[in-house]
Amino acid sequence: PVAKRAVAEAAQHDKVARPVGFVPLPPPCPGKIRHFDI
Amino acid sequence: VPAAPPAPLGCDDPESEAAAEVAVNYINGQSHHGYKFALNRIEDVRVVSQGPNNDIIFLELDLLETKCPILSPTPLANCTVRSFAEHAVEGDCDVKLQRLDGVISVLASKCHSHADSSEDIHRLCPDCPLLASLNNTEVLETVSAALNDFNSKTTGPYLRLLEIGRGQIQYHPAHIIAVEFAVGATNCSAEEAKVNVGACQLLPEDQSNFGFCTGTMVKLPSQDLNVDCQLYGHQVPTPDTPLLSRVFQPTSQDTS
C-alpha cells in the first residue's frame, strides 16, 4: 500500500508540474537544418 | 564575488545565431579561394564566462558552399546554396568567439571542407554530373578552351585565369564537361594580346578587375563549346533592370 500511494502521489505531482498542452522542449543542439543534410 | 555562470545556449537561440552570423562572415572574409559558404546548421554551442559581460563562445558550424565566388561582390544573403544534385560541398568549422559587452568578435577558427560522396549522389541522382578533380585533364582542357574562346571574341580586356573553382563531368546521356573559373582583367585588350600576350599584366588587385566564367564543353554526341564571362566591375545595366540589382547580382551564372 505504501508503494502504491507513492506512485499515485508522483503521478499527481507530474500532472501539476505539466499543465495542459505541455510540449517538451526540443533538444538544444544541434540546431535546425537551413538547407539540407549531407 | 564570482560571476554567475552564463545561461546555457541552445543552438537555435538568437544569441547563437548572432554569433554564427559573425563567424560565417569572418570565415568568408578570411578566404581568398573558391566560393562563399552559408550556414546550414549550428551543431553545438558552449559558453564559458570570463567575467561580467565577458563570455567566450565555442561554436561548431555546418556550412554549405554557395554559387557566389569568394571574390564576388554579391552579399552572402543573396547567394544561392548549391543543391545536392550539383554535388554539394560542406564545410565543418570550429570557431572561438568573444562576447564583450554584447559585441561579438572571432578569436579563432578552423575549417575543413569536403564534397558529398559520389555514391550518395549516384544513389539519389544517377545522371547527375560529379565533381572532378581541379587538375583533371578534361577540366583543364575545357577551361583553357573556354577562356581562349572568350578572349578571341571579346571587345573588352584580355582575361587571365586566376583559379578554377569547379569542374564537373557527365558521361550520360552526353559527355559534357562543365567548368567554373575566376579571371582577372589585364592591361591589354584582346586584340593587343594577340600581338604580344606576354606583355599583358593583371590589373591591380581590385574587385572591379576580377571576374568569373562558366563554360561547358560537349564532346559527344557532337563537339560544342559555350562560355560566358562577367567582370564584376564591367556590368552593364539593361534598361529593364534597376542599376543596383545588376551591380550586385552578376550574371556570371548565365550561359550563352
Side-chain angles (χ1 to χ4, degrees), chain A, chain B residues 7-21 23-24 37-47 57-67 76-77 79-93 113-121 123-125 128 131:
Chain A
V2 174
K4 281 181 182 175
R5 192 160 56 237
V7 170
E9 282 172 2
Q12 187 64 31
H13 181 266
D14 193 43
K15 281 182 184 173
V16 172
R18 294 184 178 188
V20 176
F22 173 83
V23 178
L25 287 172
C29 283
K32 62 178 180 284
I33 294 172
R34 289 160 174 76
H35 302 283
F36 55 87
D37 198 13
I38 69 171
Chain B
L9 283 181
C11 279
D12 287 336
D13 288 353
E15 295 97 324
S16 303
E17 297 194 337
E21 185 180 349
V24 173
F37 277 81
L39 179 64
N40 189 38
R41 185 187 221 182
I42 300 174
E43 295 285 348
D44 197 15
V45 57
R46 284 182 298 122
V47 183
I57 303 173
F58 295 93
L59 285 177
E60 283 181 38
L61 303 178
D62 174 29
L63 310 181
L64 284 173
E65 185 187 77
T66 70
K67 293 183 178 183
L76 180 61
C79 295
T80 308
V81 167
R82 282 192 192 274
S83 67
F84 177 85
E86 289 175 281
H87 205 160
V89 173
E90 181 187 33
D92 294 313
C93 296
S113 65
H114 62 271
D116 192 8
S117 78
S118 301
E119 290 77 14
D120 284 352
I121 303 282
R123 188 161 40 84
L124 296 169
C125 179
C128 285
L131 270 178

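Values below: every heavy atom of this structure, side chains too, minus hydrogens, waters and symmetry copies. Each chain gets a letter, A, B and so on, in the order its sequence line appears, and its residues count up from 1.
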* **salt bridge (charged side-chain N to carboxylate O under 4.0 Å, His left out) involving D120(B) - partner list, sequence neighbours excluded** => R123(B)

* Quick one: list whatever passes salt bridge (charged side-chain N to carboxylate O under 4.0 Å, His left out) with E86(B), sequence neighbours left out. => K67(B), R82(B)

* Structure fact -> On a heavy-atom basis, the closest approach of F84(B) and F36(A) is N-CZ, 3.6 Å

* Value rounded to 0.5 Å, distance of CD in E90(B) from NE2 in H35(A) -> 12.0 Å

* Structure fact -> Nearest heavy-atom approach of R41(B) to G31(A) is NE-O, 2.8 Å

* Is it the backbone or the side chain of E60(B) that comes under 4.5 Å from a heavy atom of chain A, or both, or neither? -> neither

* Looking at V45(B), V81(B), D13(B), which makes the most heavy-atom pairs under 4.5 Å with chain A? -> V81(B)

* To do: Count the heavy-atom pairs under 4.5 Å between each of C11(B), A38(B), S83(B) and chain A, then report the option with the highest count.
  => C11(B)

* Which of N40(B), D44(B), L39(B) touches chain A most, by non-hydrogen pairs under 4.5 Å -> N40(B)

* **Rounded distance (nearest 0.5 Å) linking atom CZ of R34(A) with atom CG of D62(B)** => 10.0 Å

